[in-house]
Structure formats: structure tokens, C-alpha cells
Amino acid sequence: MVERDGCNSSLKALRVLRVSLVDELEGRIDSLLDILVSREVFTRDDREEVLCHLGPRARVREVLDILQCKGNEAADIFLSISSHHQQEAQIHRKEGNADPPQSVEYKKVQQKHKDVIKRRSESMLFYNTRHGEKILFSEHYVNLLLADGHQGLDMKRHEVLTFGQKRLSLQQKSAVQRKITPAELFLSTNGKHPVKKVLVSGVAGIGKTILVQKMLFDFGGNRDHLGFDFIIHMTFRDLNLIDKPTNFRELVLRKNRHLAKELDNILENDHKLLIILDGFDEFRHYRSCDVDTFVTEPDEDAEVVEVLGSLMQGELLPNASIMLTSRPAAINHIPVGCIDRFVLISGFSLTEVQEFFLRYFQDSATADRMFAVVSANELMLTLCYIPAFCYIVCCILQESKDLSGESPKTMTDIYVQYLVALLRSHTQARAQTFCQVQKEALSKVVLKLGRLAFLKLMEHQTLFYSSDKDVAELEGCILVSTFLDKTVAQEPGCTEEVYSFAHLTVQEFFAAVYCAVTDHPLPEALQQTTSPGEGSSGGHLDLFHRFLSGILAERNANLLSRQVGLSCNKEKVDSYRQRIIKELTMLCESGAPILNHLHCLFEQQDPSLALSVEPKTLQVNVSDETLSQMDYNAIKYFLNLTKGEILELDLTGTGVSCEALRDIQPLLLRCNRLWLGENILGMDAARVIADVLQVSEHLQQLGIGWTDIGDDELLALSGAIRANKKLEELWLEGNRVSYRGLLSLSDLTPYPLKKIVAIWNDLADTDPDSFCTQESITVSFTDDGIWEGWGKWVFKRCEVSSNDKLVTVLHKVCNISVHCLEGQWASNFYKQLLQLIKQRIEICTEDDMLRKLEKFETILSF
């Protein structure tokens, strides 16, 4: 029943309850319209306007829009009518709430469907299974970590590279974000609202398709814990082949002809139907699913994107349950207003990694020994939390006899060993090296795969169809099935083979190999400079550049030459090294974002290269990147090889933790300017910072704005500042500091603290004039040079931020009053922000984000 508690007016109730009203009233909208006309709330013209919209849900939305224009009294009548209708519907449901018994034929078709599903899902297709090799799903499935909630990834970065820190964050919040099992996906969390549409997201290789196979396997094996009569499974890579109008009935029957006799009954009982749509990010039309032309009947022909969009938004088969899977890169294009539950796949926990090893090696002693090898290698252990990586690591261990050679230190090391291990395995060549004839044959195949990987990576493509001429060139090549997965998509009258690399990162690795060992020119820049507002491509070549750097490193170049017969051109190697030195020097001097260059340097593992970087000033900016342990390793590798003072280290908005601060504490001691803002820093982190302040001979400027620190943390810092007397500027904006906390710093001004910035703190009950005698303490905007510099710094960050990050910053810096804008710097700063917002609005394709940006446009258009 519609609840209005807590709403100040019926109009407000309509806005607050809009989503639930659409769900509740879609089945009764026509009768409601008649009553609204008879009660003279609506005119006949209003009714005609509503009926022009296709689909009951679209009609409910139009009714709600019209009511917003008619005022509070009309809204009040409407809510009264709809509540009465709901009560009648509930009585009707109670009188006949049991599902009618199904026919014998229905049950026979149901069992036939389960048998088909069982046969299709009983074998696990590992990432490079040999032809004819059968691996039982039941013997190799390992539980995945699923959690309620939606954790979007900042798409400035490559999603796999972001994953490590996100996984740690998820595990730290496990008490809040409840872990769930596949059987619980469609169970209501609060007992009130039914869960009909579930979005499962996760990075490439994390196990989304394995989760789907688990659900199909359980359904086919009569494990009816999901409670559905039928599950229809569709993949978007298969749906991509449809290039003419179709309907939902045809989509179902394409691979489920055995359902034809009972399909009408199945669709009529759509509340007992689950439709799984796997791989939304692979859909050719994924940007266009938020359709406004709806299909409402299963037999109604339309473009495939309209059929699927209508299904997602509940206009078609509104009572059916839908499960979508997608990589994070595409979820912004899903009409999330219709999603009842967001689920994040976080891969394996440490226990599941161990179980995977046991199932892979099929011997507990071997599995334990191999796991011990991996546990001693931080990089490999971190990668193993992603199931696809875990498989790659196991391949290497199996073929290289416990990593008896040099243990891999970088991502490229792992993938080069993976390439050699699979080539040995699938050619049955167990000798230390391949013979010359084998090398020539293998190198040709690797180059062809590399060319395909490179060309498609540049075009943002991960699926390759057999009709593509680049794929046709691989026909007849040995070992193609070793690295490419193949699925067969069938259309009436034709069959199309669809290929993809076993994992996104495998494609990036092959692309880098091709670029390194052929005459193809090196990419012009290590850092991609796409418009962050578009949010689609920034960072997608980061890992490609890291692989390229690692392959051009001497140790991996030698290994590829020795084992596979692929050699890197010496001039290309020298040219690349000079470029790294030149670009790193420039970035250190300018303070521009530097993280991916540090990773490229780390992949080289050549100290002489780092020592050749000799900037006039050492500024390291890794701000607005959620840092993983691999990121910290790259930062430490570079800075530990450099000497002297670090002029600036910018860790703003990196998610830096207390443990990470302890890990890099020796580096913090060398910093002149240290920025830690926009990270949640508790008392433990404050103590680490205090330890640095107490002994550092260099630290003069410290930024800890928007870190949620309060008076207690500030007291800990003030004692350290008092003991050392080196710090000159302290930025505290946007925290929980009160007048009492600021008083703890009063004896430290103007020496050593020449400047304390404390705007946007808990000082509402404090008269700003009370700080007039303390010229060093700033609690409100002024018209001096520091704010002009602050404005330039904030705007520079906004320009390169994604829309999500931009909105986060706007929430902070738009908390202002009009009198603050009298200064020239403030006027210029907020005009620039307004112009940036307008530019982002012009290219924004996401409705929810568009509303947020338009809100700030209104705020700043004074």
C-alpha cells in the first residue's frame, strides 16, 4: 500500500514514491484513468494524452507528470483512489493467491528444459581447454564472493587495475555489505519489495559468466532453490548477430525450440520465469537500451535493442525476473531506475584461492606447495583474487615446475611465462626450449594473434566475428584455440563463430607483443588524453602500455627471443627508454599525473633507467586514483631509487589507509609538501602523520582537508607540530574541527604555522571575528592570493575528473554563501566551474548524471 508518512504534501509524496507507484499501478492504470476523468481530476484530453504512450508503465509515468502540474489537491485525490484500488487488489490476491495447477504437458516441457539446461552447463569451459577435453563443472566450481551493493569504478582507469583496492575496500566493509549466495539473489532483503531485476557487475574475468553457469547448473539438477519454473539464458554476444526486427518469442525459440508447444503458458506465468541476460558490456547497442519506444507483447516485432530495453524496464513481461551481468564500463548505460538489487562480484577470498588450487591440481600436497610459492609473491597472490588470473597463475606453476627460474616481479613477467607455458602445454613440447622449426611456426601464430589483438584493442573491440577479414586470416593456424575462446552463434540459415581472448588482459598482452616485435611505430603517448566527461575510454590502454614497457625490457625480450623466436628491435628499445626518461622528467617537474608512467618504469625493472630521471624538482602527483598495493609498489620503486627532497607528493582522493601511510612513511619524511585530502583518516592515521611531523626536517605544507578528522585527531597533530616546529601551512578545510580544536593551534601561530585554513568546519556557532587577532587562521574566504591558487588547483582537478568525481568535488566547493563571491578570484573560479559543467552537460548521455550536473548548473547560475 502507498505510504505517505513523512511527506509534507501529496505532490511531494508523488515524487518520493514515483518508482513504487509505477510498479504498483501498472496493472490498473486504465481503470484509474476512468475514475480520474469521472472525478473531474483529469479531462478527456488528459486521458488521450496518457493513452498515446505505449505500455502501462509509461502511462503511469505520464499520469504522475500531469498530476505534478495540477497541484496538491489533484494529487491528494489520486493517492486516495490508488490506495483504495490497492486494498481491493490485496483482497483479490488473498482470495486466490495459490498458483493454479499446471498441465501434464507443461510439466513435461519443464523437465525437458531442465535436461537441456543440465547438458549445456555440466561442463566447465576453462580459458584454454583443449578440443574434446571435458572438465565437469561440479568438480571445479569454486564459490565466488558476492555482496549486496553497487561499487562503481572510476573509469579514468583500467577496471582490472582498479580492482585490487576495491576488493580490499569491500572486504573491510563486509559487516555493512552483506555477503549473499546465488540462491539468495532474488530474495527480498527487507520483506517489503519483491526483487525482480538484479544487476550483477564485476571486472573482466571475475566470474560473472561462471555465476550464470552455476545458476543454470543448479536449475538443471533440480536444485529448485530459486523457485522458477523456467530459466531462459541469452548472451549479448549472440544477440549481436541479429540485424533485423524480431520479437521476444523468436529470441526465446532461437536456442530453445523444445519450448514451442508451451511457450504461451510459460509467458503467461511470467512470475515464475527468470530471464538471464549475460554480458551487457558486449552488446553492440549497449548505449541505447534506455529506450522510449516500448514493446509490450511477446509477439510484437521491433529492433532487438527495443525488445531488450522494454524487457529491462518492465514494459514487456512485467512480472518476469531479470538478471543482467555486466563489466563496470557499461553499467552507466543500464536504465538503473528499474533495478531492484545491485550485486557486486568480488572474485575469490583467500580461502577460495586455496580451494581453486586444490581443484586445479587435484592433489592436496601439490596444491599446498604451489600455494606456498604464490603466497611468497605479493603480485601473484593479489592477482589470484580474480578467478581468470588465478587460472593463469596455475598454468604457469604447472608448466614451470614451481617457478624454479626467477620468480616473476611484474605483470609482464607473469604473462610472458603464461605464453611460454601454454605453448609448451599445447604443443606437448616439454623440452627446455622449442626447436627452430617449432619457433618459426609459433612466432607466426603469435604475430597473427598479436595483430588481431592490437587492431581490435585500438577499436575498443573484444569480440571478433568469423566474417571479419582480420579473423579470417587466422583460419588454419595452429594453437588459435589455445588463446582464443570460440562460441557458435546460430541464426536461421547461417552460423557465425564468435571469438574472444581468454581474458581482456590477454588481448592487451598480445597487442603489446605485436607492437614490440614488429615495425609498427610505438604509440605516441604513454598517457591517454581522452575527454574525461565522456567517461568511456580514459585509461583503457594503461595496461597495454605497461605490457609494452615490460616486453621491451631486456629480460623479457631475451626470454621471448629464446623461447618463441620473437626479437625486439634494438632501436625501438633504446627509443622507448629515452621516451620514459624524457616524459618522467617532464611530469616530475610539472606535477602532472604520473602513475601509469611509474608502472611502465616498474615493468622495466632496471634501476639505471630510474636513476637517469633527473628532474629539477621532484613532484609526484597520483591524486584521484584509488591506489592498490601494486600502485604503491610502483611509487616506492621509483622514489626509493631517487635521492633528496620530494618537493610534493599528492595523494588526494587515493583512498590511502593507515597501513599504506605506515608502508610509505620513509618517503613521507622526505616530502616538503604533502597532500592527503579527501581520504578518510582516523586516529590511527593521524598518529602516523604525527610521527612524520615530529621528526621530518622537510615537511612545510600539509593538506588534510575533507578527511573527517575532528578535535581529537587535531590535538594529536598539534603536539607533533609543537615538538618539531617545521610545518608552516596546515589545510584543514571540510572537517569536524570545532573552536576548541583550533584553540589547540593558537600558540603555534604565526610561528611556525604561518597559515591555517579551516573553512567548512564545525564553526557555525563561532563568530569569525573572534579569529581576527589570529591572522594565520582562516575560517572564511578572503581576497588574497592563497585562494586564487586554491581555485586554480581545484579547477585543474575538475577538468581531468570523470563526471562522478566532478560531482563529488562540486558538492564540497559549492557549499558557499553569496557574500563569499565578492572577491575577484571567487567570481572567476565559479564562472569557470559553471562553464565546465555546461560542457559536460552537452556530452552527458546518462540521465541520472545529467540531473546532478543540471542541479549544480542551477546553483551556480546566480
Side-chain angles (χ1 to χ4, degrees), residues 410-423 427 433-434 436-462 464 468-480 482-484 499-528 540-580 583 596 599-600 603-604 606 609:
T410 70
M411 286 279 282
T412 313
D413 294 352
I414 289 174
Y415 277 71
V416 168
Q417 292 195 25
Y418 171 62
L419 172 63
V420 173
L422 285 192
L423 290 177
T427 58
T433 59
F434 301 108
Q436 190 59 37
V437 175
Q438 285 177 315
K439 280 185 185 178
E440 290 176 4
L442 293 176
S443 62
K444 287 180 181 178
V445 176
V446 171
L447 284 179
K448 285 185 176 182
L449 286 168
R451 183 176 185 275
L452 176 68
F454 181 79
L455 293 175
K456 298 306 180 185
L457 184 66
M458 297 302 127
E459 297 171 2
H460 292 251
Q461 291 183 23
T462 57
F464 330 121
D468 190 316
K469 61 181 177 61
D470 295 316
V471 177
E473 291 181 10
L474 291 169
E475 189 174 352
C477 284
I478 58 171
L479 299 177
V480 168
T482 302
F483 298 102
L484 288 182
Y499 295 90
S500 63
F501 281 91
H503 189 256
L504 172 65
T505 54
V506 177
Q507 180 179 347
E508 292 166 308
F509 172 72
F510 270 94
V513 170
Y514 174 78
C515 189
V517 302
T518 64
D519 293 332
H520 196 285
L522 292 170
E524 292 184 4
L526 299 183
Q527 196 89 19
Q528 287 296 298
H540 95 284
L541 292 179
D542 283 357
L543 195 52
F544 163 77
H545 283 297
R546 298 183 196 181
F547 281 140
L548 179 59
S549 182
I551 293 164
L552 291 172
E554 184 177 356
R555 69 192 188 290
N556 284 318
N558 289 341
L559 184 59
L560 283 173
S561 176
R562 189 170 64 250
Q563 296 282 7
V564 193
L566 293 170
S567 300
C568 299
N569 181 284
K570 188 176 186 306
E571 289 184 8
K572 182 175 279 192
V573 172
D574 293 340
S575 172
Y576 186 83
R577 287 171 62 90
Q578 290 305 311
R579 176 189 289 185
I580 287 185
E583 292 186 9
N596 207 51
H599 275 288
C600 291
E603 292 291 330
Q604 288 268 328
D606 183 353
L609 193 60

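We use all heavy atoms of the structure for the numbers below, so side chains are in, but hydrogens, waters and symmetry mates are not.
Counting only heavy atoms from C-beta outward, the side chains of Leu543 and Leu504 never approach each other to under 4.5 Å. At a threshold of 4.5 Å between non-hydrogen side-chain atoms, the residues Leu566 and Ser443 count as touching. Within the 4.5 Å cutoff, side-chain heavy atoms of Arg577 are placed close to those of Gln604. Side-chain contact between Thr505 and Phe509 is absent, with no heavy atoms from C-beta onward closer than 4.5 Å.
Side chain of Gln507 to main chain of Gln461: a donor-acceptor pair is present (N/O by atom type, distance under 3.5 Å, no hydrogens or angles).
Residues passing the salt bridge (Lys or Arg N to Asp or Glu O under 4.0 Å) test with Lys469, sequence neighbours excluded: none. Contacts of Ala512 classified as side chain to side chain contact (heavy atoms under 4.5 Å, CB included), with partners at least two apart in sequence or in another chain: Phe544, Phe547, Leu548, Ile551. Residues satisfying the side-chain hydrogen bond (donor to acceptor under 3.5 Å, both in side chains) test with Thr518, not counting sequence neighbours, are none. The ring-ring contact (aromatic ring centres under 6.0 Å, His included) test applied to Tyr499 returns no partner, not counting sequence neighbours. Scanning for side chain to side chain contact (heavy atoms under 4.5 Å, CB included) contacts around Ile414 gives Leu379, Met380, Leu383, Ile392, Ile396, Pro408, with sequence neighbours left out.
For the residue pair Thr410 and Asp413, a side-chain donor N or O sits within less than 3.5 Å of a side-chain acceptor on the partner.
The shortest heavy-atom contact between Lys572 and Cys515 is NZ-O, 2.6 Å.
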Donor-acceptor pairs under 3.5 Å, side chain of residues 446-457 to any protein atom, not counting sequence neighbours: which ones?
residue	atom	partner	partner atom	Å
Arg451	NH1	Asp470	OD1	3.2
Lys456	NZ	Asp468	OD2	2.5

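Crowding of Glu554 atom CD: a count of heavy atoms from other residues, nucleotides or ligands under 6.0 Å not exceeding 12. The environment of CD in Glu459 is crowded: more than 12 heavy-atom neighbours from other residues, nucleotides or ligands sit within 6.0 Å.
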